[in-house]
There are 2 protein chains.
Amino acid sequence: MPNQTEKTPPNFSIAVTKLREMIFSSELGPGTDHLETELAQTLGMSRTPVREALLVLEAQGLLTMRPRKGVRISPLSPDDMSEIYDVLTELESLAAADAARAGYNADDLKALTQTISDMDKALAIEDREGWAQADDRFHQELMRLGGNSRAARIVGMMADQVRRARLVTLYMRPLPIKSNEDHTKVLNAIREGDEETARLLHREHRLSAKEMLTTLLQRHRLNKI
Amino acid sequence: MPNQTEKTPPNFSIAVTKLREMIFSSELGPGTDHLETELAQTLGMSRTPVREALLVLEAQGLLTMRPRKGVRISPLSPDDMSEIYDVLTELESLAAADAARAGYNADDLKALTQTISDMDKALAIEDREGWAQADDRFHQELMRLGGNSRAARIVGMMADQVRRARLVTLYMRPLPIKSNEDHTKVLNAIREGDEETARLLHREHRLSAKEMLTTLLQRHRLNKI
DNA sequence: ATCCTAATTAATGTATACTTTAATGAATGC
DNA sequence: GCATTCATTAAAGTATACATTAATTAGGAT
């Protein structure tokens, strides 16, 4: 008998997913306004679940609801980017330290190790998007290993907020060779259980990434992205 | 002519406010379940705005919506408390460092200074609740001075999540004399523009607060609060 | 022509009625 | 007597109709 257990998620959570994708893909561009009615039409559902989804996305900082003007997709300025990277820096460094302290063995660190070799492979063939995806997985896995679920959720939200900008800068920046060396060093510190080194190395890694991205945005006059 | 500009906020934001108050006051106790319909009745409005409010509060981590079982007011375990304090520690320390770097003058730091003297006054008459309120304002003002709006929002959310627990432990803990010395040292480091000292002092301050509160909860067997 | 006022309107905010779904309990078969 | 299936039902999920409100425009007075 075919396992007919295809549970359809409720419309409002479908709406959350779809709207997020539309924001990341710039189908809903930064700074643009959209009426609840239009979005409902687009998604093929009534305003109710759409509105609920919008409230969630607003709480996550992806948009703001402005009565009678539609929802505004939050644009990112270099300053916003800087704020977000500072938060990422602190919470990921915490995770790196916690992971080091946890005393994980090689097997526990397999997934993290894998993301690094994936990045290496992608770099070898200059596949920037492949690298970016593996890089995302590295940071996600790091947060998982850190073991602070709240920090992980926040980092996830912040990462979402800079997703568009990262995509734009992905082809402007130099090939992230240095970045990958950083990752390896952080991994080693975690493997060796060296809490403070892991924290500091990761901090440096993030600070230089922030520096690179914000100057890149400013140089290209990308004030709203 | 009397300024008749009393704008009534929309019901769903009233609901957010009221529900939060009910959670903080334990009128909606930790771990308890509540139906949308009941809450709507209690608040004297229809399910629609209540549901919207609940989604927002869920995004803020104060409750979880569990289909057919009602919304569950999130209880806090000592582990949760530990997670939250770790996040607070990192982001507030960042703010302390940023505030020190910003080079504020005495006037800019007036509000922060004021909260410390308020705490002193409250301590002198052993007014614990007065102290707690001033302490809250200290941490809020510190985040404001830090200038990272996202970090400030996150810290606000996390502070909300531990509000109940802090209230419970307020009368169990020793009078927070040491805590207040810490605050003063942090203020001085900020005043002197000593970024790393401000960061480290505040970190120590938060770490010892965490230590104190989590052991207090465990000693009193308060596993769900 | 300009400013004020009032009507219009378009979008949000809210209530309600309806649909779907999962938990509970009853009934039937083994 | 136990398990399995079906009916019941209560709650969430959704659509829709309606109320509210703020922006915009038209009209009139100065």
Side-chain angles (χ1 to χ4, degrees), chain A residues 1-23 27-29 31-74, chain B residues 1-23 27-29 31-74:
Chain A
M1 53 183 155
N3 194 348
Q4 197 61 19
T5 318
E6 296 265 347
K7 268 180 284 193
T8 56
N11 269 352
F12 95 82
S13 76
I14 293 177
V16 170
T17 307
K18 288 244 180 94
L19 288 171
R20 285 169 49 122
E21 288 170 359
M22 290 166 76
I23 292 171
E27 187 176 336
L28 301 176
T32 58
D33 296 328
H34 307 272
L35 301 179
E36 293 178 3
T37 316
E38 292 172 14
L39 293 173
Q41 185 106 27
T42 307
L43 297 178
M45 56 186 79
S46 81
R47 269 178 58 220
T48 308
V50 172
R51 225 179 112 79
E52 292 175 348
L54 291 174
L55 284 164
V56 170
L57 294 174
E58 180 174 45
Q60 293 179 2
L62 290 178
L63 51 87
T64 58
M65 295 179 77
R66 316 183 320 152
R68 316 214 157 256
K69 306 197 174 172
V71 298
R72 158 83 42 100
I73 308 302
S74 307
Chain B
M1 51 182 150
N3 193 348
Q4 197 62 19
T5 318
E6 296 263 349
K7 268 178 286 190
T8 55
N11 269 352
F12 93 83
S13 77
I14 294 177
V16 170
T17 307
K18 289 245 180 92
L19 288 171
R20 285 168 49 119
E21 286 171 0
M22 290 166 76
I23 292 171
E27 186 177 336
L28 301 176
T32 60
D33 296 328
H34 307 272
L35 300 180
E36 293 178 3
T37 316
E38 291 172 13
L39 294 172
Q41 186 106 25
T42 308
L43 298 178
M45 55 185 79
S46 80
R47 269 178 58 217
T48 308
V50 172
R51 226 181 110 80
E52 292 175 348
L54 291 173
L55 284 164
V56 170
L57 294 174
E58 179 174 45
Q60 293 179 3
L62 290 178
L63 51 85
T64 58
M65 296 180 76
R66 316 183 320 152
R68 334 235 131 239
K69 306 200 174 168
V71 298
R72 158 83 42 99
I73 309 301
S74 307

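Throughout, a chain's letter reflects where its sequence line sits, starting with A, and its residues are numbered from 1. Note that these values count all heavy atoms, side chains included, but never hydrogens, waters or copies made by symmetry.
Summarising the geometry, the separation between CG on A:L54 and P on C:dA11 is reported as 15 Å, rounded to the nearest angstrom. When the P atom of C:dT19 is taken as reference, atom CE of A:M45 falls 19 Å away, rounded to whole Å. To the nearest angstrom, C1' of C:dG13 lies 11 Å from CG of A:L55. One atom, CG of A:L35, and another, P of C:dA10, lie 12 Å apart when rounded to the nearest Å. Nucleotide C:dT12 holds its P atom 6 Å from the CZ atom of A:R47, rounded to whole Å. Distance B:D33 CG to C:dA23 P: 13 Å, rounded to the nearest Å. At whole-Å resolution of the value, CZ in B:R51 and C1' in C:dG13 are 16 Å apart. Regarding A:Q41, its CD atom lies at a distance of 12 Å from the P atom of D:dA15, rounded to whole Å.
Side chain of A:E58 to main chain of A:M65: a donor-acceptor pair is present (N/O by atom type, distance under 3.5 Å, no hydrogens or angles).
Paired with B:L62 under the rule side-chain contact (heavy atoms from CB on, under 4.5 Å), one option of B:V56, B:L57, B:V71, B:V16 passes, and it is B:L57.
Remark: the A:T48 side chain and the D:dA15 base include a donor-acceptor N/O pair separated by less than 3.5 Å.
Closest to the side chain of A:N11, out of C:dG13, D:dT14, C:dT14, is D:dT14.
Taking both residues in full, the closest heavy atoms of B:L39 and B:V50 are given as CB-CG1, 4.0 Å, listed atom of the first, atom of the second, then distance. In terms of heavy atoms, A:T32 sits closest to A:L28 at OG1-C, 3.9 Å.
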Distances for protein N or O near nucleotides 21-25 of chain D N or O, under 3.5 Å:
{"unit_1": "D:dT21", "atom_1": "O2", "unit_2": "A:R68", "atom_2": "NH1", "d": "3.0"}
{"unit_1": "D:dT21", "atom_1": "O2", "unit_2": "A:R68", "atom_2": "NH2", "d": "3.4"}

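A:N11 is listed as a side-chain neighbour of A:I14, based on a closest heavy-atom distance under 4.5 Å.
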Would A:L19 and A:H34 satisfy side chain to side chain contact (heavy atoms under 4.5 Å, CB included), going step by step from the backbone distance to the final call?
CA-CA 11 Å; A:L19 288 171; A:H34 307 272; over 6 Å; no
